[in-house]
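Notes follow the structure.
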Protein chains: 6
Amino acid sequence: MARHDGRKANQLRELKIKRRFTKNAAGSVLIQTGATTVLCTASVESSVPPWLKGSGKGWITAEYNMLPGSTPTRKSRKVDGRTTEIQRLIGRSLRAVADLEALGEQMITVDCDVLDADGGTRTASITGAFIALVDALQTIVLPDPKKFPLVDSVAAVSVGLVNGAGALDLDYIEDVDAAVDMNVVMTGSGKFVEVQGAGEEATFTEEELMKLIQLGKHGVKVLTEAQAKALGKKWLW
Amino acid sequence: MARHDGRKANQLRELKIKRRFTKNAAGSVLIQTGATTVLCTASVESSVPPWLKGSGKGWITAEYNMLPGSTPTRKSRKVDGRTTEIQRLIGRSLRAVADLEALGEQMITVDCDVLDADGGTRTASITGAFIALVDALQTIVLPDPKKFPLVDSVAAVSVGLVNGAGALDLDYIEDVDAAVDMNVVMTGSGKFVEVQGAGEEATFTEEELMKLIQLGKHGVKVLTEAQAKALGKKWLW
Amino acid sequence: MARHDGRKANQLRELKIKRRFTKNAAGSVLIQTGATTVLCTASVESSVPPWLKGSGKGWITAEYNMLPGSTPTRKSRKVDGRTTEIQRLIGRSLRAVADLEALGEQMITVDCDVLDADGGTRTASITGAFIALVDALQTIVLPDPKKFPLVDSVAAVSVGLVNGAGALDLDYIEDVDAAVDMNVVMTGSGKFVEVQGAGEEATFTEEELMKLIQLGKHGVKVLTEAQAKALGKKWLW
Amino acid sequence: MARHDGRKANQLRELKIKRRFTKNAAGSVLIQTGATTVLCTASVESSVPPWLKGSGKGWITAEYNMLPGSTPTRKSRKVDGRTTEIQRLIGRSLRAVADLEALGEQMITVDCDVLDADGGTRTASITGAFIALVDALQTIVLPDPKKFPLVDSVAAVSVGLVNGAGALDLDYIEDVDAAVDMNVVMTGSGKFVEVQGAGEEATFTEEELMKLIQLGKHGVKVLTEAQAKALGKKWLW
Amino acid sequence: MARHDGRKANQLRELKIKRRFTKNAAGSVLIQTGATTVLCTASVESSVPPWLKGSGKGWITAEYNMLPGSTPTRKSRKVDGRTTEIQRLIGRSLRAVADLEALGEQMITVDCDVLDADGGTRTASITGAFIALVDALQTIVLPDPKKFPLVDSVAAVSVGLVNGAGALDLDYIEDVDAAVDMNVVMTGSGKFVEVQGAGEEATFTEEELMKLIQLGKHGVKVLTEAQAKALGKKWLW
Amino acid sequence: MARHDGRKANQLRELKIKRRFTKNAAGSVLIQTGATTVLCTASVESSVPPWLKGSGKGWITAEYNMLPGSTPTRKSRKVDGRTTEIQRLIGRSLRAVADLEALGEQMITVDCDVLDADGGTRTASITGAFIALVDALQTIVLPDPKKFPLVDSVAAVSVGLVNGAGALDLDYIEDVDAAVDMNVVMTGSGKFVEVQGAGEEATFTEEELMKLIQLGKHGVKVLTEAQAKALGKKWLW
């Protein structure tokens with residue numbers, strides 16, 4: 001069945017990645033997938049959360065936010081449950097590929113601020129946040145310069161069942177129509193980090209679940225290549 | 001590899017379900033799985049959220065809370081990100097098997113208060129909340145008495161990779177040890193509602209993902225039987 | 001004048017006390033008086049509030065909360081003025097029989113969560129909290145093992161003027177009807193801890209005040225015996 | 001035993017009442033008892049709380065607040081549990097002598113802002129609030145001009161056990177020393193509105209309780225005369 | 001053009017300054033300009049904000065608040081944007097004439113609580129706060145007793161364009177009518193501290209701007225003389 | 001005296017204005033002055049604040065926010081007093097050139113989110129917000145299409161005394177050094193909207209005040225030309 005914008009079932013939207021978009025943050029990446037635009041900035045702090053003090057380990061966390069003007073109807077600045085859920089997902093995804101001991105006792109916060117929202121903001125945030133994180137890590141002093149605090153890359157994509165058919169990288173129109181929505185977070189080496197599939201007041205069969213997982217795998221593979229291209233070859237794990 | 005409490009890999013903890021535990025709420029279920037105890041109460045309100053007014057449709061939502069004394073170290077009453085994430089999951093799971101038009105313009109809130117926490121509180125909440133919901137629905141006037149607002153049952157279980165092996169219904173000790181933690185929410189008829197699998201600062205292979213999904217399927221099947229037993233046979237979909 | 005449930009003026013509702021209702025908290029008591037059910041858990045922390053640091057003295061405090069499902073109409077989780085007033089009363093009542101120096105620099109928080117509300121929740125909380133406190137104190141290391149941090153027992157009951165007559169241990173129906181409502185908190189040895197009597201948009205005479213105080217004295221005496229029975233004889237002061 | 005400021009056991013501190021202290025509020029009373037100074041202003045609103053809409057009844061409520069500069073050590077502006085407890089007491093005390101139907105559907109809020117605190121701020125607030133309320137009621141249109149919305153006067157005083165002896169109208173030094181602290185709220189006609197007696201980490205006997213009640217009765221009688229003098233004789237009930 | 005209360009364009013309202021209005025605060029000034037009444041209290045704390053710890057420097061800050069009864073229609077106690085804006089202005093104004101090193105590591109908070117509001121509350125707050133600050137500084141121990149922590153006096157006044165004409169010290173009626181509203185904060189020695197001029201949904205010409213600045217200069221000069229009179233001559237810089 | 005970046009005293013930083021930077025908001029402008037970057041989006045709502053309902057008038061308001069990554073040290077997302085002060089200034093500035101009756105009963109919110117901060121963020125916000133507002137107004141239906149809801153343009157610039165000399169459009173380094181900091185908001189036709197000058201723990205003379213006003217006038221004139229160039233000539237008032 002045809003998608004409303006003419007894409008194939010397993011085709012991503014047009015992807016643009018712009019590193020060093022702003023100057024003050026240690027890492028700053030503007031990532032655009034179709035009409036979704038997210039600014040990911042990574043900031044370094046020399047102190048860690050209380051429970052890590054004296055442990056020799058660092059911490060990586062994330063905050064996610066949609067700017068009021070990012071949606072056709074203005075979005076209030078109030079933090080809601082969806083926001084906290086998403087920023088916890090981004091933080092976990094980044095830490096899954098990190099070596100927090102190699103980071104030493106410093107904290108990196110990656111802020112993902114959505115400037116324009118057209119579906120897939122949380123997965124674009126993860127894909128862009130990883131690049132901002134790499135850039136920030138290159139500006140800091142590490143305990144052991146030979147031990148980089150990342151052991152793999154990470155990227156994410158949404159997949160879903162739209163009108164009964166699997167579709168990769170849903171935009172807002174498809175997202176609203178989708179009976180099932182799944183986010184797949186994977187590493188550059190092909191391991192899974194998170195799989196979150198949910199029926200929207202609907203359910204799905206095991207067969208459909210398997211199909212969506214395969215679509216997600218494919219999407220992350222293409223995104224990983226784009227990350228490596230943006231960062232330069234040596235950042236390919 | 002043996003589990004610390006002697007269970008088999010695919011064995012649930014001892015399950016107890018007590019209906020009508022308290023008197024004031026329309027539905028009230030005390031569910032215990034091992035040392036995890038959750039009180040699920042379902043309350044009915046005659047008004048719906050603003051966006052449903054005049055639609056003829058009802059709403060089902062959930063709140064989740066851990067009592068301060070439910071953990072060995074006292075838990076503060078402050079609501080955190082984890083709490084909002086869990087109550088959103090419970091609400092979505094209940095709505096996935098509901099026919100909100102058959103409910104008419106009334107709202108049911110299921111409160112899941114954890115009295116004792118030993119792992120698996122969110123999945124026990126879903127399994128117990130469904131029963132409290134059934135009980136509450138039997139106390140109210142429906143638009144069409146022949147059209148019950150539930151079209152299927154729903155239950156949930158946690159699975160995980162502990163010391164490299166799959167394990168069903170993790171208790172707290174296993175949960176801390178688990179490299180991967182997954183919650184599987186399914187209907188009595190064997191459809192998936194949600195699958196949430198996450199590495200704890202770790203990743204997992206596609207093979208491991210498949211194994212966990214199978215373990216979860218098995219667990220939900222046993223839980224569905226227990227729900228039907230507690231409610232009486234006619235509640236088997 | 002007859003009471004609606006057939007009780008005599010000076011008769012308590014049926015009382016049930018269940019110790020160790022949950023496993024994680026150091027003290028855990030389920031207390032039921034008629035259709036009012038409160039779970040009292042006592043948790044121990046090794047640090048005290050800032051103003052006691054270095055004093056050698058401990059602290060005992062309480063939190064009170066009604067679960068949303070504890071009332072026929074669902075109660076929102078928001079903390080209101082009534083809640084803070086009640087938890088301050090419970091804390092003061094427990095400290096009135098405590099020897100905070102004998103406790104040493106540790107803090108005990110007793111959480112009183114109302115599972116089912118049918119009047120008298122604050123007084124049932126005090127009566128149950130005392131037992132949970134005793135249980136928790138038996139699990140901890142004291143500065144001087146021969147000096148137990150409690151010097152008396154404490155229990156509480158509500159009394160009121162219903163249709164012009166004094167009545168002990170009001171249930172919800174009587175509470176709504178009562179022109180005057182009084183809470184009497186006393187020790188096992190017959191001393192007063194708190195007396196709080198208030199007209200509900202009404203006033204009362206000195207004679208009525210005296211009558212209510214006597215009814216309260218009687219009620220606490222019976223409750224003290226029930227506490228001693230639950231705890232074992234050696235806990236009778 | 002002598003009191004530190006030379007007063008007799010049953011003697012109030014010097015009392016000053018200044019009506020119309022500020023111009024904007026409908027009622028405005030500066031009340032001083034010793035070094036305690038409270039500004040009580042009564043404001044009228046033409047709408048009532050939601051639960052009274054359409055009932056034909058009005059509402060009287062109170063807010064209590066200590067200015068940061070009212071204590072020797074600056075008090076933060078944050079609202080604490082003590083504050084909400086006190087403002088609920090003031091509101092109940094005023095409503096106990098009010099005829100809310102005679103008020104019609106309008107709301108009066110009495111704000112008690114403590115400018116200088118030296119003990120007894122909540123009881124001085126009640127005594128002053130009543131006068132501000134009378135003044136505000138004279139500025140408004142009533143449903144039936146012949147039916148004034150107050151049926152009695154109300155005043156309050158603190159009493160306590162200081163060094164084993166009863167004492168009336170405690171100042172801050174005595175309040176800190178007192179083993180038992182009691183607030184007595186009564187009407188001009190000698191009825192009780194509230195009696196709140198509490199041991200400060202101490203207990204009290206029935207005999208002591210009776211003595212404190214008598215001291216309170218005496219104090220309120222003197223305060224009632226002062227209120228009538230400030231308002232003019234016709235305000236004596 | 002005549003002003004509604006008969007004042008000349010460059011005439012202040014009647015000014016009353018009462019020092020030591022309350023007893024507990026180190027400095028306490030009741031300032032009245034026309035029907036505007038503000039209580040300014042200055043409290044001393046021995047600790048400074050974190051960023052000054054160990055610096056040897058002190059800090060002076062302010063809080064501003066309107067009591068609910070200060071306006072004809074009761075004002076809610078909620079803090080709004082206007083409040084924070086005003087208290088930042090008062091704090092900056094006081095610090096502009098302070099020598100924070102001469103103060104040593106202590107903090108003074110000046111609380112400006114508006115008891116009656118008839119326009120010009122923020123400027124009356126600054127003028128009164130300065131006097132309360134002087135009084136508080138005389139009660140404390142300074143690092144070098146010969147070096148007083150104030151190097152000049154500060155006072156403030158509002159000016160505005162009302163019906164096209166300049167007017168000094170606007171009351172509420174004029175404030176509502178004014179097309180342009182300006183606050184001028186100056187020192188006793190004739191230096192500017194802050195100039196804040198804003199059109200109320202209107203604009204103003206350079207000529208009008210200059211005229212308002214001259215009116216403000218004149219007003220502050222008269223206020224400075226009143227401050228010196230209240231404090232005694234030696235406080236004239 | 002030379003400026004650290006080689007600019008003349010009356011020279012602005014390099015200015016870039018990019019309209020339609022994002023797609024969802026009705027107006028969207030990325031404004032850059034030197035290393036300061038602000039995204040201004042204007043959103044339209046069909047309802048107005050309660051106090052304007054039924055008045056036939058519209059409303060224009062603004063929100064200001066610095067993204068966490070906009071500063072070298074990460075800025076927390078908490079709203080502080082400075083933020084509310086700035087967004088009130090932006091809102092007033094836009095309304096000063098608006099004809100709210102010509103807008104009809106609709107509300108426009110301009111969100112100014114600072115992506116990169118190097119001084120002058122509030123003045124850049126005003127200059128950019130005006131352009132976003134013009135763009136948004138062209139997308140909506142007006143009561144009278146011939147009556148555009150703007151009667152003039154508005155722009156703003158900061159000026160200051162740095163090392164004793166006046167300087168236009170301060171960057172962060174100069175801002176920190178400045179003894180006096182002033183924001184000048186003016187219309188395209190040369191009228192003043194706001195003048196806010198403040199000594200940073202310092203004072204300034206009348207002569208210095210006059211000099212800064214002249215510098216500000218010059219700066220706004222250049223900015224007005226840039227706005228007209230971005231919008232097209234017909235937008236020159």
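Worth saying up front: this structure is predicted, and the values here are computed from it rather than measured. Sequence lines set the chain letters: A, B, ... in the order given, protein chains first and strands last, and positions in each chain run from 1.
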Tell me, for [X] versus chain D, whether the close heavy atoms (under 4.5 Å) come from the side chain, the backbone, both or neither.
| X | result |
| --- | --- |
| C:M186 | neither |
| C:L100 | side chain |
| C:I213 | side chain |

Less than 4.5 Å apart, any side-chain heavy atom of [X] and any of [Y]?
| X | Y | value |
| --- | --- | --- |
| D:C112 | D:V114 | no |
| C:L137 | C:L150 | yes |
| C:V195 | D:M182 | no |
| D:V193 | D:I126 | no |
| C:V185 | C:F192 | no |
| C:L133 | C:I108 | yes |

If you measure from CD1 on D:I90 to CZ on D:F130, what distance do you get to the nearest 0.5 Å?
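The CD1 atom of D:I90 sits 15.0 Å away from the CZ atom of D:F130.
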What distance do D:I31 atom CD1 and D:I131 atom CD1 have between them, rounded to the nearest 0.5 Å?
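Taking CD1 in D:I31 and CD1 in D:I131, the distance rounds to 5.5 Å.
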With chain C as the partner, which of D:A96, D:A202, D:G197 has the greatest number of non-hydrogen pairs under 4.5 Å?
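Between D:A96, D:A202, D:G197, the count favours D:G197.
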Pick whichever of D:A198, D:G199, D:A98 has the most heavy-atom pairs under 4.5 Å with chain C.
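Sorted descending by pairs with chain C, the first entry is D:A198.
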With 3.5 angstrom as the limit, list the donor-acceptor pairs from chain D to chain C, or say none if there aren't any.
unit_1, atom_1, unit_2, atom_2, d
D:T84, OG1, C:T84, OG1, 3.2
D:E85, OE1, C:R88, NE, 2.6
D:R88, NE, C:E85, OE1, 2.7
D:F192, N, C:F204, O, 2.7
D:F192, O, C:F204, N, 2.9
D:V193, O, C:G199, N, 3.0
D:V195, N, C:G197, O, 2.9
D:V195, O, C:G197, N, 2.8
D:G197, N, C:V195, O, 2.8
D:G197, O, C:V195, N, 2.9
D:G199, N, C:V193, O, 3.0
D:F204, N, C:F192, O, 2.9
D:F204, O, C:F192, N, 2.7
D:E206, OE1, C:K217, NZ, 2.6
D:E206, OE2, C:Q214, NE2, 2.6
D:Q214, NE2, C:E206, OE2, 2.6
D:K217, NZ, C:E206, OE1, 2.6

